[in-house]
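What follows is a set of notes on a single structure, which appears directly below.
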Amino acid sequence: MATQIITLVGVLIGALTSYFATAMAERTKLRHVMATRWDERKLDTYIEYVSCIKEIQRAAMDAGRARDQGADPADALTEMEGNEKKRSILFETLVLLSDDKAATAAHTVNQRTWELLRAARLPSSGITELRPIPLVQALNDLHEAARSDLTISANTPAPR
């Protein structure tokens, strides 16, 4: 009888050990899947935000170029304003998903973008007035912060 109890206790300990090991492995796997999912969402948000900023910049430059050539900048300004509305929404998502360094860099990008928007809205602004706004440097800082947030370095291999 004692042998049977010892065997039963051994089987019970083995089953519990197996259960806890499997549960811990599944929990770790779930955490990894969730982290990957959030990283994908972050990457998409960074890409959309930066693309929108680039569209604002392109439209502002088109408006300045049109003024310099004596043409009507209305279409470029309309496109610029539409992208500004989109940027505002994307920025909120970026701030919610990014780390503090990237959010701070995005705030700086916003400041430079607003400077560009203000200058582009002035009827007297041509390319010469728009170029000195340091938006590209702010974007480069955001790119660096985003890579850090996503733990992407120059040595990180690309996914296959």
Side-chain angles (χ1 to χ4, degrees), residues 21-160:
T22 302
M24 288 184 67
E26 286 298 316
R27 184 175 294 162
T28 302
K29 181 180 172 184
L30 179 62
R31 282 186 188 142
H32 177 71
V33 166
M34 293 305 292
T36 301
R37 192 175 296 165
W38 280 115
D39 281 349
E40 288 172 2
R41 178 74 172 120
K42 274 196 230 183
L43 177 61
D44 291 344
T45 300
Y46 283 128
I47 290 169
E48 286 181 64
Y49 177 77
V50 169
S51 296
C52 187
I53 295 294
K54 296 298 282 183
E55 288 297 318
I56 290 170
Q57 183 183 35
R58 185 192 54 71
M61 293 302 179
D62 287 349
R65 200 172 294 108
R67 286 189 186 109
D68 287 345
Q69 296 169 355
D72 184 12
D75 289 342
L77 291 173
T78 300
E79 183 180 345
M80 182 183 77
E81 297 299 339
N83 282 311
E84 165 56 12
K85 290 176 185 174
K86 182 179 170 187
R87 181 219 48 86
S88 178
I89 294 166
L90 289 170
F91 175 72
E92 297 303 323
T93 305
L94 188 143
V95 170
L96 287 172
L97 295 175
S98 67
D99 67 6
D100 289 339
K101 185 178 174 185
T104 300
H107 279 287
T108 303
V109 168
N110 279 347
Q111 293 295 323
R112 300 302 167 258
T113 302
W114 293 328
E115 291 171 22
L116 181 66
L117 289 166
R118 273 193 297 276
R121 288 175 183 135
L122 294 174
S124 61
S125 291
I127 289 287
T128 306
E129 291 78 20
L130 300 176
R131 279 205 175 118
I133 298 170
L135 180 57
V136 173
Q137 181 57 49
L139 281 171
N140 288 341
D141 294 343
L142 177 59
H143 293 152
E144 184 179 324
R147 281 192 302 273
S148 174
D149 183 24
L150 295 167
T151 61
I152 299 171
S153 71
N155 300 327
T156 303
R160 294 178 186 218

Nearest heavy atoms of Lys42 and Leu150, plus distance in Å: CB-CD2, 3.7 Å
Side-chain ion pair, Arg147 and Glu144, N-O less than 4.0 Å: no
What residues form a side-chain hydrogen bond (donor to acceptor under 3.5 Å, both in side chains) with Arg65, not counting sequence neighbours? Asp62
For the CD atom of Glu81 and the CG atom of Leu117, what is their distance to the nearest 0.5 Å? 6.0 Å
List in chain and number order the residues that pass ring-ring contact (aromatic ring centres under 6.0 Å, His included) with His107, two or more places apart in sequence or in another chain; answer none if no residue qualifies. Phe91
For Arg131, the salt bridge (charged side-chain N to carboxylate O under 4.0 Å, His left out) test, sequence neighbours excluded, returns none
Of all pairs that satisfy side-chain hydrogen bond (donor to acceptor under 3.5 Å, both in side chains), the ones with a partner from residues 43-54, not counting sequence neighbours: Tyr46-Asp149, Tyr49-Asn110, Lys54-Gln57
Atom CD1 of Ile56 and atom CD of Glu84: how far apart are they, to the nearest 0.5 Å? 5.0 Å
Contacts of Glu79 that satisfy side-chain contact (heavy atoms from CB on, under 4.5 Å) - sequence neighbours left out: Glu55, Arg58, Ala59, Asn83
Apply side-chain hydrogen bond (donor to acceptor under 3.5 Å, both in side chains) to Asp141 and list each qualifying residue two or more places apart in sequence or on a separate chain. Gln137
Taking salt bridge (charged side-chain N to carboxylate O under 4.0 Å, His left out) as the test, write out the residues that go with Glu129, two or more places apart. none
Ring pair (Phe, Tyr, Trp, His ring centres under 6.0 Å) partners of residues 55-80, not counting sequence neighbours, each pair once: none
Gln111: partners by side-chain contact (heavy atoms from CB on, under 4.5 Å), with sequence neighbours left out: Trp114
When rounded to the nearest 0.5 angstrom, what is the spacing between OG in Ser125 and CZ in Arg118? 11.5 Å
For a quick test of reading the model, state the closest non-hydrogen atom pair linking Ala60 to Met80 and the distance between them. CB-SD, 3.7 Å
Which residue pairs satisfy the ring pair (Phe, Tyr, Trp, His ring centres under 6.0 Å) criterion with at least one member in residues 55-80, sequence neighbours excluded? none
Cut-off 3.5 Å, no hydrogens considered: what does the side-chain donor-acceptor table look like for residues 92-101, sequence neighbours left out?
residue : atom : partner : partner atom : Å
Ser98   : OG   : Leu94   : O            : 2.8
Asp99   : OD1  : Lys101  : N            : 3.4
Asp99   : OD1  : Ala102  : N            : 2.9

Please confirm whether the backbone N or O of Ile53 pairs with a side-chain atom of Arg87, one donor and one acceptor, at under 3.5 Å? no
Give the minimum heavy-atom separation between Gly126 and Asp68, together with the two atoms involved. CA-OD1, 3.3 Å
Please determine whether the number of non-hydrogen atoms from other residues, nucleotides or ligands lying under 6.0 Å from atom CG of Asn140 exceeds 12. yes
Taken in chain and number order and not counting sequence neighbours, the residues that satisfy side-chain contact (heavy atoms from CB on, under 4.5 Å) with Thr108 are Arg112, Ala138
Nearest heavy-atom approach of Leu130 to Ala119 is CD2-CB, 3.5 Å
